[in-house]
Amino acid sequence: MQMFITNILLSLLWALLTGNVSEGNLMLGFLLGYGSLWLLYPATGIESSYFKKTLQSLGFILYFTKELIVSSWRVATDVIKPLPRMRPGVVGIPLDAETDLEITLLANVISLTPGTLSLEVSKDRKTLYIHAMYVINPDDLRAEIKGGLERRLLELLR
Amino acid sequence: MVEFVCSIVMVMLMVAFGAAFIRVVIGPTLPDRVIALDMAATIVVALILTHCVQSGSFYYIPAAISIALLSFIGTVALALYIRRGGAS
Amino acid sequence: MTSIILRTSTRYMFPPLIVFSVYLLLRGHHFPGGGFVGGLFAGSAFALYALSFSVADARRALRLDPRDITAVGLAIALLSGIPPLFSNHAFLTGTWWEVPLPLGGVLDVGTPLIFDIGVYFVVLGVLLTVVFALGEEK
Amino acid sequence: MIRDLLVCFFLLSGGLLSLAAAVGVIRLPDLFTRMHAATKTGTVGVSSVAIAMMIHFGEVTVTSRGILVIAFFLLTAPVAAHMIGRAAYRSGVQLWILTRIDEWKTHGVNEQNDDD
Amino acid sequence: MEVVLAIVIGFLYGGGLYLMMRRNLIQLIIGLGLLSHGANLLIFTAGGLRKGGAPILAEGEKAFGAMVADPLPQALILTSIVISFAVTAFALVLFLRTYQTVGTDDVDELKETDS
Amino acid sequence: MLTLLSICFIAALSAPLVHRLCPKYTGALLVGAPLAMFVWLLKRIPEVAHGHPVTESFQWVEKLDLELAFRLDGLSLLFALLISGIGSLIILYTQGYFKGDPQQGRFMMYIIAFMASMLGVVLADHLLLVFIFWELTSFTSYLLIGFNHENPAARTAALQAMLVTVLGGLFLMAGIILLAGAAGTWRLSEIIQRGDVLLAHKNYLPILILVCIGAFTKSAQFPFHFWLPNAMQAPTPASAYLHSSTMVKAGVYLLARLHPALGNSEEWTLILTTIGTITFLLGAIMALGQHVLKRLLAYTTVSALGAMIMLLGIGTAYTIKAVATFILAHAFYKAALFLIAGGITHETGGETSVDKLGGLRKAMPVSFACAMLAGLSMGGFPPFFGFVAKETWLQAVEAYPLLIVATVIGGAAYVLVGFAVGFKPFLGKMPEGLHAHEIPLSMRFGPAALGLGCFVLAFFTGKIGHDLVQPAATAIAAKEVEVHLHLWAGFNKAFVTSLITLATGIGIYFARSFLLAAAARLRVLVKFGPDAAYQFLLDGTLKFAAWHTRVLQTGILRDYIRVTVLTMVVLVGVALVRAGGFQRWENLSPISIRIAMVAVLMISATFATVHSKSRLRSILSMGVVGFCMAILFTFFGAPDLAMTQLVIETLTVILLALAFYHLPAFSHGSKKRTRATDIIIASSVGITITLLVLAALHVHTPTPVSDFYLDHSYKDAHGRNVVNVILVDFRALDTLGEITVLAIAALGAYALMKLKPKKGEGGE
Amino acid sequence: MTVLPSLPITIPLAGAVLCMLFRRNIRVQKSIALFTSFLILLTALFVFSATKDGTIAVMNVGDWPAPFGITLAIDMLSSVMLLLVGLLAVGVSAYACFDLDEPRMEFGFFPLMLILLMGVNGAFVTGDLFNLYVWFEVLLTASFILLALGGERAQLAGSIKYVTLNLLSSALFLAGIGILYGMAGTLNLAELAHLVKDGARGDLLTMVAIMFMMAFGIKAGMFPLYFWLPASYPTPPAAVTALFSGLLTKVGVYSMIRMFTLVFESDPEFLHGLILAGAGLTMVSGVLAATAQYEMRKILAVHIVSQIGYILMGLGLFTELALTGSIIYLAHVIIVKTNLFLIAGAINRLKGTYDLHKLGGLYVERPGLSILFIISAMSLAGVPPLSGFFAKITLIIAGLRAESWSIVVVALGVSLLTLYSMTKIWAYVFWKPAPEPLPDLNPMPKGKWFVFLLPMVGYTVITIAMGVFAGPVFDYASEAAAQLMNPQSYIDAVLGAG
Ligand code: NA
Ligand code: NA
């Protein structure tokens with residue numbers, strides 16, 4: 001976090017130096033700052049995870065985008081097909097996520113993925129109940145989510 | 001070509017908007033109507049962005065952002081209303 | 001207690017909403033936006049906070065009574081019309097100052113902008129006065 | 001030219017996704033299934049149009065705002081859907097008759113008393 | 001195009017009035033809302049529809065080149081929208097309090113002060 | 001004159017103060033004002049008698065040609081002397097009458113104000129000024145008649161007198177305005193010289209009728225006579241004053257004054273003699289059936305006023321002379337009798353009926369003497385001034401046999417009343433249980449002076465005729481009238497008639513019990529009289545008013561909206577038809593599919609909003625309308641609007657949802673017929689608005705104002721977003737108002753939510 | 001002239017803002033409100049003296065030349081209205097300081113009152129159509145709240161109609177503005193007048209004129225659009241009703257006079273004929289509605305309607321003399337009606353009721369109050385030489401000169417019924433003994449009571465003075481009417497001042 005703030009300050013400095021506070025210039029400043037920090041970090045040694053997380057984030061975004069497109073396509077095609085093919089159900093997912101942010105992000109990502117929808121977190125914060133459109137076997141669904149989305153997300157966050 | 005596609009997309013969006021509207025009207029439950037209105041808002045954003053492309057003017061983007069944020073707040077308010085036992 | 005998901009999201013969405021509202025306010029003179037919509041956004045942010053947590057929490061977050069914010073906003077808007085009187089211009093005549101920024105560049109600051117800031121606060125105060133009052137109604 | 005093609009592609013896919021959402025919202029049998037179509041397909045559709053716009057203008061200012069639009073949608077849509085779904089479920093909106101499993105009902109029946 | 005919008009305005013005014021003539025306080029509020037939509041659209045339409053760009057001068061330019069929409073009706077409508085919002089918010093609270101105090105939301109029953 | 005009048009008014013206003021400071025001498029102190037006037041008037045007699053009126057004029061309202069113009073000629077002088085003279089006596093009388101009463105100050109105020117107003121009427125030379133004082137007499141007499149305000153009858157009578165005289169006043173107002181318009185001047189002295197012009201004017205008849213109605217109501221002519229006897233509710237000094245010399249004679253004065261201007265026509269004669277004669281006889285005959293002292297007198301007053309009008313109507317030099325003389329005589333004896341009647345009632349503990357009085361001669365010798373003098377004068381016995389007047393009168397009507405008969409009948413009634421009031425209470429045996437004292441000193445001045453006057457005047461006929469009556473008659477006739485009054489004019493026709501009258505009068509006096517019985521039986525007729533008509537009209541008006549209010553103020557909002565919008569539809573429709581509809585279709589752009597689709601959506605959403613049994617459905621549908629608005633704004637280049645509309649729409653939904661926690665669902669449906677009617681009305685409004693919009697497009701002009709904004713926004717106002725620049729700079733004042741609305745709306749909403757009346761205070 | 005015309009707007013706003021900032025301290029609010037009211041009056045006097053020679057005070061807000069910016073233009077009519085507002089402000093705020101209950105003060109009575117005054121003043125000074133709409137909304141919103149403030153049952157029930165019908169009127173007003181802007185392309189009244197004079201299709205303009213007539217007619221309480229008035233006016237505290245009766249409907253009438261003398265001249269026979277007919281019906285209907293009442297406040301309230309009829313009569317006749325009458329009548333009725341409401345409020349304060357049947361005996365008990373009442377009541381009924389007489393007779397003369405016989409007949413008949421109503425109150429409240437002895441609820445010591453009565457004494461003196469010094473009043477009014485009849489001077493002043 002500290003690095004991120006430093007990075008932003010660097011981009012602001014860049015904007016002031018160039019006398020131009022437009023978005024493009026700020027973004028350019030940010031990138032330049034990122035680069036300079038990357039060059040400097042072995043010397044300072046603080047928060048090296050900042051750069052690793054960047055890569056992980058990019059990976060997660062790509063994965064998530066793929067999921068999004070694939071399942072969107074599935075929902076989009078399925079609404080046109082005959083209805084009885086659907087197998088909706090409410091399934092409880094045991095949670096490894098603990099903090100508020102982790103739970104929330106996970107629930108949101110699940111919701112965003114077409115075909116699944118977070119309904120409620122149990123009171124003991126151990127279970128996430130979701131509504132899914134295709135529940136052939138609840139356990140498969142649980143495994144899929146825990147192994148896919150939750151794992152990647154927690155990796156990124158922890 | 002972009003202009004023409006924009007027109008077509010607009011008609012498509014308008015149809016989608018109409019569908020959302022129909023769901024607002026027929027319900028049958030209150031959450032149905034709320035979700036449909038939320039979708040209508042989303043489609044309005046799409047319409048606005050399409051218009052940006054068509055007219056070449058990006059001044060409408062803040063309107064799009066506004067509705068993205070505010071329709072969320074509206075939906076949350078309505079959801080809480082539903083939870084407190086609001087009639088449908 | 002409302003949903004943990006909602007509460008957490010609200011906590012993270014609150015700052016961007018406020019920033020966006022200030023953006024709308026300050027850029028309003030050149031782009032769509034302005035004090036009115038900006039104020040509505042700021043108000044909506046607090047409204048969301050009140051919905052997610054409670055009105056009391058939102059009042060604490062706001063620190064000031066929304067009615068005072070309204071009054072201050074109105075005062076700012078009214079006062080923004082006064083400076084031109086000193087240079088023998090009519091009430092509410094736009095008066096501009098070019099404030100030089102450090103390291104070159106100038107910032108165009110004018111009474112219309114101050115007026116818009118007044119609008120911003122009025123709208124913020126108004127929205128919250130009503131929302132809080134309705135939310136507190138038992 | 002390629003840019004225009006890309007723009008058209010994203011525009012059309014946005015339109016089609018919206019249409020799909022429209023069909024879903026009319027056709028699907030219960031609230032929860034309709035929500036899948038309405039909130040998410042719509043979001044992806046809008047994002048697609050936003051991408052089209054970003055490509056079309058190709059300017060930093062527009063791109064940054066386009067990203068903002070998408071980001072805000074991705075941030076808000078799931079929460080909104082969650083809130084509605086939760087509220088609907090708790091206020092007793094009926095699941096579709098062919099819904100097979102309801103684990104919340106079977107496991108979580110004891111703990112749904114914590115609202116407000 | 002104007003004809004179409006004129007008809008829409010007619011519907012908004014008519015619909016608003018019809019709702020205002022119903023018996024529920026809420027319908028009254030909604031009617032007022034429709035009426036206000038009608039008035040705004042009326043200003044917009046009667047002020048002249050120009051299918052042009054937004055009246056915003058692009059960065060770097062000094063004067064408008066192409067035709068843009070008439071900004072004045074827009075400003076008027078903006079003011080009117082805000083005022084309607086304020087009044088609607090107040091009316092809503094007023095009606096709510098009326099319901100709580102008088103004990104009915106039936107407009108037809110609120111006639112004790114008239115004669 | 002203005003000075004003296006002002007002194008009178010000031011005296012009136014200071015009366016309560018004077019009374020508070022020295023209650024014992026209120027009358028003595030205040031009488032100075034009228035007395036000063038009286039003395040001044042007396043001094044003016046010579047010059048006025050020689051045909052030199054005294055005039056005075058001050059500017060008041062220049063643009064309205066309203067001047068404080070006064071003119072003292074013979075007619076004014078006669079009246080003014082009576083008013084101020086009798087007024088002085090009344091004030092003294094009041095001092096005794098109201099001895100020890102805390103209300104005395106107020107009464108003094110009213111009566112002096114009344115006197116001053118009356119003086120104003122007769123002295124003013126400006127029609128509007130006359131009217132102003134005229135209205136003041138109505139108003140002050142209202143206060144006087146209702147003086148015993150705790151008594152409902154007094155209040156009713158006061159109201160009646162006020163309504164009738166003010167109604168007449170309104171006719172008069174219209175009349176004088178038309179009169180002034182026709183004559184081209186407000187000045188009475190000029191108007192009376194323009195009789196020819198007026199007679200030929202197209203408005204002559206309306207003017208005459210309006211003025212007559214005004215005068216007749218004031219002077220209690222048939223059919224407006226009924227208020228006067230009822231006005232006896234006033235304390236005696238007031239009724240004495242009102243009836244003898246002043247208020248009621250204002251009408252007579254006015255007609256006499258306008259005689260030169262309006263009098264030379266057949267219509268004048270017809271109206272005045274007819275009404276006058278009817279009133280004269282009616283009053284006399286009604287008097288026969290009365291037994292209450294003041295009522296007896298009141299009806300004869302009605303009758304006497306009728307006689308004056310009748311004589312004025314004939315309008316010959318003789319009759320004019322007779323009027324002037326009779327006014328004088330009547331004032332003296334009537335005032336005296338009223339004062340004595342009041343004295344009797346006052347000193348016997350409230351007895352009002354003649355028939356229950358008797359034998360007071362020992363207890364009240366002074367009163368008896370005065371009463372006798374006045375009663376004889378009233379009866380027209382020689383050698384009293386009443387006789388002189390009667391003689392002149394009979395001479396004047398010599399040529400009209402019918403009027404002679406009428407005079408005999410009326411005269412006989414006067415004899416009866418003169419006896420009944422002047423003698424009956426004092427002679428015979430005192431009924432048991434009746435206790436009486438003589439009236440106190442201060443109350444004796446009036447009756448004594450007036451009673452003696454009745455007698456003494458008869459011996460100065462020559463001087464009075466020349467100095468008072470002749471100038472007055474000259475003024476009425478607007479030409480030189482020779483007046484020679486004689487106590488003894490010889491044994492002529494008039495004298496014989498006079499004797500017959502007296503004999504008849506004495507005869508019926510002794511048949512009084514029979515008359516009373518007959519009158520009692522005739523009382524049924526009152527049901528159909530003007531009094532009943534007044535009551536009927538008043539009640540009718542009230543009932544109509546109540547009905548009108550019931551019908552219009554139904555309390556149902558729907559009705560109000562219906563009436564309001566139907567009015568608009570009809571009026572706009574009429575205007576459209578007058579405009580001949582639209583002839584050209586220009587300025588219209590072609591229809592695009594997009595806009596058509598939005599329009600269809602909007603109309604359906606409107607329909608869904610309207611036609612909904614669920615309030616949420618209704619509101620969410622309205623949200624769709626709002627979205628459509630935003631789309632339209634987007635299409636037509638209004639990003640700020642689109643954004644604001646969307647935000648506001650959502651916020652409205654949030655607020656509604658918050659409020660809905662506390663509001664019930666839709667429950668009250670209206671009847672099918674109501675709904676159908678509403679649909680028709682609402683549709684008609686919609687169509688009207690649509691047509692109006694089309695009309696606007698029809699005459700659409702390019703917008704020069706907006707081009708200014710586009711040109712100057714960046715250059716002079718430092719802003720690229722023209723809409724925002726308009727809001728915060730070009731038209732910032734609008735925005736200032738707008739945020740003020742916002743601020744107070746919030747303030748109000750907050751106050752409404754938080755400020756709740758305590759339990760039990762919720763109701764009225 | 002750079003500041004003066006804007007002061008009537010900014011001073012009350014500044015006062016209101018201060019009151020809002022000191023919302024916790026009622027005593028400070030009272031002082032601010034009183035001080036501001038005096039300033040409003042003082043400003044009005046300045047404006048009055050600056051315009052009494054016929055000068056039209058013009059100011060372009062924001063220095064944008066007319067017709068582009070918002071122009072404030074004060075002619076003689078405007079300045080006399082401002083003066084009346086000032087007089088009212090001082091009296092009513094003083095009265096409210098004494099009479100109003102603490103909770104109402106705590107919850108914003110004073111800022112609301114000041115903002116109401118701001119809106120009213122704004123409507124009187126503005127030379128811009130849309131700005132007029134804004135001021136209407138300002139004063140309406142303030143009035144909505146003042147009406148409902150306190151939340152008593154009757155107040156709330158009455159305000160529903162008030163709010164609804166006035167919002168309907170706003171919607172029609174807005175429609176009229178939109179259409180007129182579409183036709184003429186400007187919002188500046190002078191420019192509109194200018195364009196309308198030269199413009200084609202005056203017949204279509206008549207349709208728009210009717211929209212404005214409806215909008216202003218509802219606000220003014222014209223027949224058959226006045227229903228909101230009897231339902232709502234008698235419900236709030238006396239200070240509020242007094243303020244309303246003095247100002248609200250009058251703003252509607254003022255606007256009607258302004259628009260129909262300045263802008264809508266295309267079809268005077270039809271439009272002014274319509275106004276005249278409306279005036280007659282308004283008078284009759286209003287007075288009948290009042291006649292049917294037995295509640296003092298209600299009688300007074302409903303009478304407002306019939307008095308509006310008189311003012312409109314002058315506009316309908318549309319001659320200089322008639323407008324003179326209207327202006328005098330406006331001034332007269334504002335002062336007198338306010339006073340009557342204050343007196344009624346004082347009576348209610350003493351006895352706790354407005355019911356004619358329950359009240360009585362005040363003639364003996366409170367001679368001072370009786371005198372104040374009877375003078376005002378008689379002035380209202382048109383008894384000379386009080387202000388009402390001159391107002392009425394000027395209109396009657398104008399009517400007769402214009403040979404509009406029927407309106408004269410109506411006006412005269414209505415004045416009789418007015419008298420009836422006033423004497424009814426007098427007879428029931430003052431003359432009649434109280435049916436059951438009512439306790440004296442007034443806790444004020446004598447000195448304070450006298451101060452409390454001061455505003456009423458002041459207004460009474462004014463109504464007498466307006467009669468006694470009718471000369472200058474009439475001169476002024478006829479000058480003002482002449483200005484209205486020749487709008488060219490207004491147009492020149494506004495458009496030439498850029
Ligand atoms: Na959303
Ligand atoms: Na509005």
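Naming: A, B, ... by sequence-line order, numbering from 1 per chain.
Taking a 6.0 Å sphere around CG of F:L566, one finds it holds more than 12 heavy atoms contributed by other residues, nucleotides or ligands. Within 6.0 Å of atom NE2 in F:H611, 12 or fewer heavy atoms from other residues, nucleotides or ligands are found, so the atom counts as exposed in its surroundings.
Defined by atom type and a distance below 3.5 Å, a donor-acceptor pair is missing between the side-chain atoms of C:H30 and F:N721.
Looking at F:A732, the atoms closer than 4.5 Å to chain C (heavy atoms on both sides) sit in the backbone and in the side chain alike. With a 4.5 Å cut-off on non-hydrogen atoms, F:S713 does not touch chain C at all. C:F41 touches chain F through its side chain: at least one heavy atom from C-beta onward sits under 4.5 Å away, while N, CA, C and O do not.
Between C:W96 and F:H718, the ring planes are parallel. Angles under 30° get that label, and only those over 60° would be called perpendicular.
With a 4.5 Å cut-off on side-chain heavy atoms, F:I739 and C:F121 do not count as touching. Looking at heavy atoms from C-beta onward, C:F91 lies in side-chain contact with F:L736 at the 4.5 angstrom threshold.
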Determine, stepwise, if the pair F:N724 / C:D116 fulfils side chain to side chain contact (heavy atoms under 4.5 Å, CB included). CA-CA 9 Å; F:N724 185 269; C:D116 226 11; 3.6 Å; yes
For C:E136 and F:K754: C-alpha separation, side-chain torsions, deciding distance, then whether side chain to side chain contact (heavy atoms under 4.5 Å, CB included) applies. CA-CA 10 Å; C:E136 280 165 350; F:K754 302 284 171 178; 2.6 Å; yes
Is there a side chain to side chain contact (heavy atoms under 4.5 Å, CB included) between F:L658 and C:V131? Walk through the geometry before answering. CA-CA 8 Å; F:L658 281 173; C:V131 167; 4.1 Å; yes
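A donor-acceptor pair is defined here as one N or O able to donate and one able to accept, closer than 3.5 Å; no such pair exists between the side chain of C:H29 and the backbone of F:V722.
The side-chain contact (heavy atoms from CB on, under 4.5 Å) test with C:P112 is passed by exactly one of F:V725, F:T735, F:V728, F:L727: F:V728.
Heavy atoms only, all atoms of each residue included: C:S44 and F:L651 are closest at OG-CD2, 3.9 Å. For C:L74 against F:A743, the heavy-atom pair with the smallest separation is CD2-CB, 3.9 Å. Closest approach of F:A746 to C:T129, counting heavy atoms only: O-CG2, 3.8 Å.
Heavy-atom proximity under 4.5 angstrom to chain C picks out F:M643, F:T644, F:V647, F:I648 from residues 642-650 of chain F. Within residues 8-26 of chain C, the residues that have a heavy atom under 4.5 Å from a heavy atom of chain F are C:L24, listed by number.
One distance of note links CG of F:L742 with CZ of C:F36; it measures 6.0 Å at 0.5 Å rounding.
By the 6.0 Å and 45° rule, C:R67 stacks over the aromatic ring of F:Y750.
The most heavy-atom pairs under 4.5 Å with chain F, out of C:V122, C:T70, C:L127, C:V130, come from C:V122.
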